[in-house]
Amino acid sequence: AWQQGLLMTKIVFIGHDETVREVDSATGMSVMEAAVKNMVPGIDADCGGACACATCMVYVPPEWADRLPPKDANEEALLQFCPRADERSRLACQIKVSGEIDGLRVATPVHQH
Ligand code: FES
């Protein structure tokens with residue numbers, strides 16, 4: 001079928017209550033968009049992916065941290081103002097879905113505000 005031609009990447013979202021949600025996402029969208037499209041709770045994405053709100057913050061486990069492209073200055077700055085952020089935090093809208101991150105696991109906070 002035509003779907004076999006699509007490049008799908010699996011992303012696993014772990015909820016604050018340990019609920020595991022596996023999402024198949026098309027290459028080229030962001031991890032935030034994959035979450036919103038699949039109604040993953042805990043991702044608000046108020047700014048729609050403009051790297052301006054930090055309500056798409058997720059926690060990346062250590063085994064994945066080095067496999068993601070590094071934060072740019074904008075993402076770094078925004079995370080500093082996010083009260084729930086820690087050293088594991090990334091903005092999901094700044095992580096592009098690609099085959100390289102197939103199987104990525106990220107944890108979502110209880111809420112974003
Ligand atoms: Fe606003 Fe990611 S959606 S910073």
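Both counts, for ligands and for their atoms, begin at 1 and track the order of listing. Residues take their numbers from the sequence shown, with the count starting at 1.
Backbone or side-chain N, O or S atoms of C93 reach atom 2 (Fe) of ligand 1 at under 2.8 Å. With 2.8 Å as the limit, C47 counts as an N, O or S neighbour of atom 1 (Fe) of ligand 1. Distance check for C53 against atom 1 (Fe) of ligand 1: an N/O/S atom falls below 2.8 Å.
Taking each heavy atom of D46 and T55 in turn, the nearest pair found is N-OG1, 2.9 Å. Across every non-hydrogen atom of R90 and I95, the tightest pair is CB-CD1, 3.9 Å. Contact detail for F13 and T108: the closest heavy-atom pair is CD2-CG2, 4.2 Å. Here the closest non-hydrogen pair linking V36 and A45 is CG2-CB, 4.2 Å. Closest non-hydrogen pair, A92 versus V58, comes out as CB-CG1, 4.2 Å.
For atom 3 (S) of ligand 1, the closest non-hydrogen atom of the protein is G49 N, 3.3 Å.
Which parts of ligand 1 touch C56 is read off a 4.0 Å heavy-atom cut-off, strictly below it: atoms 2 (Fe), 3 (S), 4 (S). Taking every non-hydrogen atom of C51 and a distance limit under 4.0 Å, the qualifying atoms of ligand 1 come out as 4 (S).
Within the 4.0 Å heavy-atom criterion, neither part of A92 lies near ligand 1. When heavy-atom distances to ligand 1 are checked against a 4.0 Å cut-off, A45 comes that close through both its backbone and its side chain.
Atoms CD and CG, from E63 and L104 in turn, are 9.5 Å apart once rounded to the nearest 0.5 Å.
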